[in-house]
Novice: 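Take a look at this one; I'll ask things after.
In this chain, residues are counted from 1 in sequence order.
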Amino acid sequence: SDYSRLIGFEPQMHASHAARERLRLYSGVEIYDYGLAEKNGVFAMGEYGVEYAGFLNLDPARSRTQAKGEGNGELREIASVFARLRIEHVDLMLLNMEGYEFLLVPHMLKAGMFTKGYIERLVLQVHWGTTPGDDAIYNAMVADLQVTHKRVYDEIPSWGLWQYSGSYL
């Protein structure tokens with residue numbers, strides 16, 4: 001079936017192992033111990049150990065929790081990961097990246113990952129206040145996404161669903 005793969009990327013080792021364990025009875029599930037990005041490397045993560053750990057929330061003064069864990073996570077460049085995994089089409093992509101969407105989505109747009117229906121549907125959670133200039137970055141992302149996709153659901157300010165609306169040629 002064209003819909004036989006579920007692929008997850010989680011840079012916190014404990015969370016990726018927990019996901020792998022929860023989904024172990026299902027076939028076609030792949031969970032990788034790294035996040036997707038515009039670059040490769042191992043980087044510090046703020047609030048490591050909680051569900052909203054991220055690569056941008058490194059300031060302890062802005063922590064949302066008392067658990068100010070420290071840890072590192074690996075990031076890998078998305079286009080090379082998709083090529084290595086032989087991902088030729090993405091039916092549904094969900095990005096919940098604690099602010100990193102402001103770096104990844106523009107990179108994906110530049111790489112042409114939203115053309116010709118390569119990524120058919122995108123569910124995007126936006127984390128405001130995590131990236132300097134996030135308003136301008138978001139407005140540019142929306143303008144670029146609207147060339148190939150239509151926003152079919154919006155729960156401003158946080159969630160949106162984009163559906164490919166162009167030609168598959």
Novice: Does the Lys NZ or Arg CZ of K116 fall within the cation-pi geometry relative to F114 - under 6.0 Å from the ring centre and within 45° of the axis?
Specialist: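 Not satisfied by the 6.0 Å and 45° rule.
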
Novice: Kindly indicate whether the side chain of F55, heavy atoms from C-beta on, has any atom under 4.5 Å from the side chain of L75.
Specialist: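 Result yes, sub-4.5 Å side-chain heavy-atom pair found.
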
Novice: Nearest 0.5 Å, what's the CD1-CG distance between I119 and L95?
Specialist: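 Rounded to the nearest 0.5 Å, the CD1-CG separation comes out at 7.5 Å.
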
Novice: Minimum heavy-atom separation for I137 to P106, with atom names?
Specialist: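 Heavy atoms of I137 and P106 come nearest at CG2-CG, 4.1 Å.
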
Novice: Strictly by modelled atom types, are N96 and H127 linked by a side-chain donor-acceptor pair under 3.5 Å?
Specialist: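 H127 and N96 do have a side-chain donor-acceptor pair below 3.5 Å.
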
Novice: Looking at R86, I'd like to know if its CZ atom is crowded, meaning that more than 12 non-hydrogen atoms belonging to other residues, nucleotides or ligands lie closer than 6.0 Å.
Specialist: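 Not more than 12 within 6.0 Å, no.
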
Novice: Given 3.5 Å as the limit, does a donor-acceptor pair link the side chain of N72 with the main chain of V42, or not?
Specialist: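 Checking the backbone N and O of V42 against the side chain of N72, no donor-acceptor pair under 3.5 Å is found.
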
Novice: Taking E101 for the side chain and G99 for the main chain, is one N or O donor matched with an acceptor at less than 3.5 Å?
Specialist: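 Yes.
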
Novice: What I'd like to find out is whether the side chain of R24 reaches to under 4.5 Å of the side chain of E21, using heavy atoms alone.
Specialist: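 They are in side-chain contact.
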
Novice: Go through the steps to decide whether R22 and H17 satisfy the test side-chain contact (heavy atoms from CB on, under 4.5 Å), and finish with yes or no.
Specialist: CA-CA 9 Å; R22 279 192 306 271; H17 291 170; over 6 Å; no

Novice: Apply the test side-chain contact (heavy atoms from CB on, under 4.5 Å) to residues L85 and Y32: give CA-CA distance (whole Å), side-chain angles for both, the deciding distance (0.1 Å), then the verdict.
Specialist: CA-CA 11 Å; L85 296 177; Y32 295 94; 3.3 Å; yes

Novice: Less than 4.5 Å apart, any side-chain heavy atom of Y118 and any of Y164?
Specialist: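 No, too far: nothing below the 4.5 Å cut-off.
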
Novice: Who clusters with L161? Use side-chain heavy atoms, under 4.5 angstrom, across I, L, V, M, F, W and Y, and order the result by chain and number.
Specialist: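 Reading the cluster by chain and number, L161 sits alongside L92, L94, V123, V152, Y153, W159.
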
Novice: Looking at W162, is its backbone amide N or carbonyl O close enough to the side chain of R151 to form a donor-acceptor pair, meaning the two atoms are under 3.5 Å apart?
Specialist: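 A pair under 3.5 Å: no.
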
Novice: Applying ring-ring contact (aromatic ring centres under 6.0 Å, His included), name anything that partners F102, two or more places apart in sequence or on another chain.
Specialist: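 Residues passing ring-ring contact (aromatic ring centres under 6.0 Å, His included) with F102: W128.
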
Novice: Verify the cluster assignment for L109 and I87: are they in a single hydrophobic cluster under the rule of side-chain heavy atoms below 4.5 Å apart?
Specialist: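 Yes, one cluster joins them.
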
Novice: Quiz question: by atom type and distance under 3.5 Å, do the side chains of Q163 and H149 form a donor-acceptor pair?
Specialist: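 No - no donor-acceptor pair under 3.5 Å links their side chains.
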
Novice: In sequence, state the C-alpha distance, the side-chain angles, and the governing distance for R76 and R84, and then conclude on side-chain contact (heavy atoms from CB on, under 4.5 Å).
Specialist: CA-CA 11 Å; R76 295 189 187 177; R84 186 178 56 77; 3.4 Å; yes

Novice: Tracing side-chain links under 4.5 Å among I, L, V, M, F, W and Y, which residues wind up in one group with L25?
Specialist: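 L25 clusters with nothing; isolated.
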
Novice: Under 4.5 Å between side-chain heavy atoms, counting indirect links through other Ile/Leu/Val/Met/Phe/Trp/Tyr residues: same cluster for V147 and L124 or not?
Specialist: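 No.
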
Novice: If you define the side chain from C-beta out and look only at heavy atoms, does anything of E74 sit under 4.5 Å from D33?
Specialist: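 A side-chain contact under 4.5 Å is absent here.
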
Novice: Between P11 and G35, which heavy-atom pair has the shortest distance, and what is it?
Specialist: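 Minimum heavy-atom contact is CB-N, 3.8 Å.
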
Novice: Would Y34 end up clustered with I31 when hydrophobic side chains under 4.5 Å apart are linked, directly or stepwise?
Specialist: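 Shared cluster, no.
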
Novice: List for me each residue that meets side-chain contact (heavy atoms from CB on, under 4.5 Å) alongside E10, sequence neighbours excluded, and say none if there are none.
Specialist: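 Once residues adjacent in sequence are excluded, the partners of E10 under the side-chain contact (heavy atoms from CB on, under 4.5 Å) criterion are Q12, A15, S16.
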
Novice: For E38, enumerate each residue passing the side-chain contact (heavy atoms from CB on, under 4.5 Å) test, keeping only those at least two apart in sequence or located in another chain.
Specialist: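 So E38 forms a side-chain contact (heavy atoms from CB on, under 4.5 Å) with Y100, L103, H107.
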
Novice: How would you list, by chain and number, every residue that makes a side-chain contact (heavy atoms from CB on, under 4.5 Å) with A83, sequence neighbours excluded?
Specialist: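 By the side-chain contact (heavy atoms from CB on, under 4.5 Å) rule, A83 matches no residue at all.
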
Novice: Under a 3.5 Å distance rule, please check whether S165 uses its side chain to pair with a backbone N or O of T148 as donor and acceptor.
Specialist: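 Yes: the side chain of S165 pairs with the backbone of T148.
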
Novice: When rounded to the nearest 0.5 angstrom, what is the spacing between CD1 in I7 and CD in E30?
Specialist: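 Answer rounded to 0.5 Å: 4.5 Å.
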
Novice: Checking E77 side chain against S80 main chain: does a donor-acceptor pair fall under 3.5 Å?
Specialist: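 The answer is yes, because a donor-acceptor pair under 3.5 Å joins these two groups.
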
Novice: Working to the nearest 0.5 Å, report the span between CE of M97 and OG1 of T130.
Specialist: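 Between atom CE of M97 and atom OG1 of T130 there are 11.0 Å.
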
Novice: Is there a path of hydrophobic side-chain contacts, each under 4.5 Å between heavy atoms, that joins F9 and L23?
Specialist: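 Looking at the clustering, L23 is in a separate group from F9.
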
Novice: Mind checking the CZ-CD spacing from F82 to E88? Nearest 0.5 Å is all I need.
Specialist: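 Atom-to-atom, F82:CZ and E88:CD are 12.5 Å apart.
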
